[in-house]
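Quick caveat: nothing in here was measured; it's all calculated off a predicted structure. Numbers restart at 1 for each chain; the letters A, B, ... are given by sequence-line order, proteins then strands.
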There are 2 protein chains.
Amino acid sequence: MTDEPRSNRRPSMSDVARLAGVSQTTVSFILNDTPGNSIPPETRERVLAAVHELGYRPNISARNLRTQSTNLIGYGFDDPAGVASHPVLDQFLYSAILSLEATGYHLLTFVAGTRTDTAVYEDLYRRGQVSGFLVANTNDNDPRIAYLIDRGIPFASFGRANDEWRFAWVDVDGGDGIAQVVAHLVAGGHKRIGLITWPEGSKAGSHRESGYAAGLRAAGIEPDPAWLFRGENSIQTGVAGLSHWLTLPAERRPTAVACVSDIIAVGVMNAAAAAGLQVGRDLAVTGYDDSSLAQFLHPPLTSVRQPIAEVGRRLVELLLGQIRGEPADATGVMLAPKLIIRRSSQI
Amino acid sequence: MTDEPRSNRRPSMSDVARLAGVSQTTVSFILNDTPGNSIPPETRERVLAAVHELGYRPNISARNLRTQSTNLIGYGFDDPAGVASHPVLDQFLYSAILSLEATGYHLLTFVAGTRTDTAVYEDLYRRGQVSGFLVANTNDNDPRIAYLIDRGIPFASFGRANDEWRFAWVDVDGGDGIAQVVAHLVAGGHKRIGLITWPEGSKAGSHRESGYAAGLRAAGIEPDPAWLFRGENSIQTGVAGLSHWLTLPAERRPTAVACVSDIIAVGVMNAAAAAGLQVGRDLAVTGYDDSSLAQFLHPPLTSVRQPIAEVGRRLVELLLGQIRGEPADATGVMLAPKLIIRRSSQI
DNA sequence: TGGTATTAGTAATTCGTATTAGTAGTGTAA
DNA sequence: TTACACTACTAATACGAATTACTAATACCA
């Protein structure tokens, strides 16, 4: 009822309108470039000047309420304790955030608790807090993905889950990555190549194992189950893997060890040094992820680099496309990794 | 005007009210336990049944708009590329998220761009998207903190910034942590103890350097500037530090090396092995952070464990207190770290 | 000159929730 | 029997922005 701008409060659109001598509607038209309205330049400038003077920023809650939308995407976070840190996930997060922010979205990071607990996802979505989800670290038949598909909630996943399900995913071809490693090692003269991989059930792990087997067969070598070692993603697993093989007689022992992560490879290199083996001469070792430590190890570690930044970008594209209601024709995107050869795998 | 529930839309409070045969006001009273209202048990149950049947969830935007509040806290993310990953920050984030979620808040993770760019903070706050911020990885005279203090925006920081400024922080006493390390090494007979630390300007680094000097003086040893080596937080820095000291004549060379992070210590251990030195016998090495890799290195690494989970909890307490408008009497909270002794520092 | 288009706006309504101000009906004490 | 308190609600409004449905004034055309 009064013409006084309410003080001691963030300015609203009406305050801007009052200062510029126009209606709130006009301010909205100008700020949103709403099509089909004619605003002469003088008015536009007057309003923009008022916006500037008051330091006006549109209120997000009001906008979201009115447009029945959200500027948030959810991402479920895992407990980082215990497992070694995930440089790949950190990088992925970073690139996803960058892409989201370029389009006015933000990332809401929440704790996913147990993997099977989908209640948080439901709650965030039903309350209108987020418009969709990014999912990473997928497993075979991942319950989160089953749930999101079932409810028709927009999401995009870094990694595949089940070949029968149709949904938006982006993945780096891990089979191809390890196949490149194997080809490289074979070319270096190795015939007995070990693989240290994760426990069964990991989707990424099973793809890499297939690539390993395929790579060996392509070179005319029949994979030996004794060359496969499994464990959590830790330095310790690498230590345990190599220690185990060192108990074999020399003529049956792998001369090269491929690992599904750099952190495991660090364990192998440690154990090799402890056993008096010189990595790059007595034993070839390769990692995966090309994390920042790979180039600083002694010797520098051959590794497989994934185009993580592109994964983030493409995932955000897929997700925002769904949210905008665009038909999702291409549901999966497969990207190629690149082998980075360093001294740890030279002979 | 119609009594039909609008279909194809998330149910609103009015839909619940209609189904239960009460007014929207009554539903609100029941769901929020608004004091000063008398609701008989039958009505309450009827309404709760309707809530359940419709799967109703209150709309967050509407609630935030009405209450002029937010259920989000912002956290600025750094580019993880280049620098080795920060297990401490990952853990800190995790514990902060847990504490926030226990009180109905969520974490909005954004990219902070350059450290001096405070525009993102301003924007998120002024638009009413977040109620405050968590800040980590502070520097001397940190511009983010200066800005947040200046604007009176609620925040709490993991780490101190400038002794003159008064604001809410939680820190782990890094000086004490390194002093414990030095005392342990001195007790083991070491007289020449090197320190590998970060470049000047890091607040955490300067505290640890003071603790190092104080620890030596407490043992009657005058610190020698030649025993200090600086570099980024990477394996490479550890390698460079030890390599540098190995060029000194044996009688001036440190016999023990304390590092301000485990990742640097990994570099020192690598370089030691390459130089034929056996860590734990020829050279004592200590790390900091007690990250998950410390116990799996060869030999296991003596390190300093920070109560990270408690840091997250306390920070969230301080921050939410400010947001609720409680007077902040105790502005800083200092927590004590704990030395974890393993074989890398035995003689 | 009258009718239609166009320009430059404005008033009113909506999104979903919380809250303030009320009201009808019953019980009860004076 | 009336005044008053209490119970069990409801109507109306506000939060801030977007949008639909108008209007007054001018320009244009036949």
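- Considering only residues two or more places apart in sequence or on other chains, A:Tyr125 meets the ring pair (Phe, Tyr, Trp, His ring centres under 6.0 Å) condition with none of them.
- At the phosphate of D:dG16, OP1 or OP2 sits under 4.0 Å from a side-chain N or O atom of A:Arg9.
- Distances were taken from every side-chain heavy atom of B:Gln68 (C-beta onward) to each of D:dG16, C:dT17, D:dA18; the shortest belongs to D:dG16.
- Contacts between residues 121-129 of chain A and DNA chain D, defined by a heavy-atom separation under 4.0 Å, are absent.
- Checked against the 6.0 Å centroid threshold, B:Phe77 and B:Phe110 do not count as a close aromatic pair.
- Listed by chain and residue number, nothing satisfies the side chain to side chain donor-acceptor pair (under 3.5 Å) test with A:Glu164 (two or more places apart in sequence, or in another chain).
- For the helix from C:dT1-D:dA30 to C:dA30-D:dT1, the rotation axes defined at the first and last 5 base pairs enclose an angle of 60°, given to the nearest 10°.
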One character per nucleotide, please: for nucleotides 6-13 of chain D, 5' to 3', B when the base has a protein heavy atom closer than 4.0 Å, S when only the sugar-phosphate does, - otherwise. -SBBBBB-
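- The residue A:Asn64 sits apart from the nucleic acid: no heavy atom pair falls under 4.0 Å.
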With a 3.5 Å cut-off and sequence neighbours excluded, list the donor-acceptor pairs that the side chains of residues 35-55 of chain A form with protein atoms.
residue: A:Arg46; atom: NH1; partner: A:Ala20; partner atom: O; Å: 2.4

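- For A:Ser12, the listed nucleotide lying nearest its side chain is D:dG16; candidates were D:dA18, C:dG16, D:dG16.
- Under the side-chain contact (heavy atoms from CB on, under 4.5 Å) criterion, B:Ser95 pairs with B:Ala309, sequence neighbours left out.
- With sequence neighbours excluded, the residues that form a side chain to side chain donor-acceptor pair (under 3.5 Å) with B:Arg57 are A:Asp123.
- Listed by chain and number, the residues in a side-chain contact (heavy atoms from CB on, under 4.5 Å) with B:Asp140 are B:Lys203 (sequence neighbours excluded).
- Not counting sequence neighbours, the partners of B:Ser28 by the side-chain contact (heavy atoms from CB on, under 4.5 Å) test are B:Met13, B:Gln24, B:Asn32.
- The stretch residues 53-62 of chain A has no heavy atom under 4.0 Å from DNA chain C, so no residue of it qualifies as close.
- Residues forming a ring pair (Phe, Tyr, Trp, His ring centres under 6.0 Å) with B:Phe29 (at least two apart in sequence, or on another chain): none.
- For B:Tyr121 and B:Tyr147, the distance between ring centers is not under 6.0 angstrom.
- Using modelled atom types, one finds no donor on one side chain facing an acceptor on the other under 3.5 Å when comparing A:Ser61 with B:Ser61.
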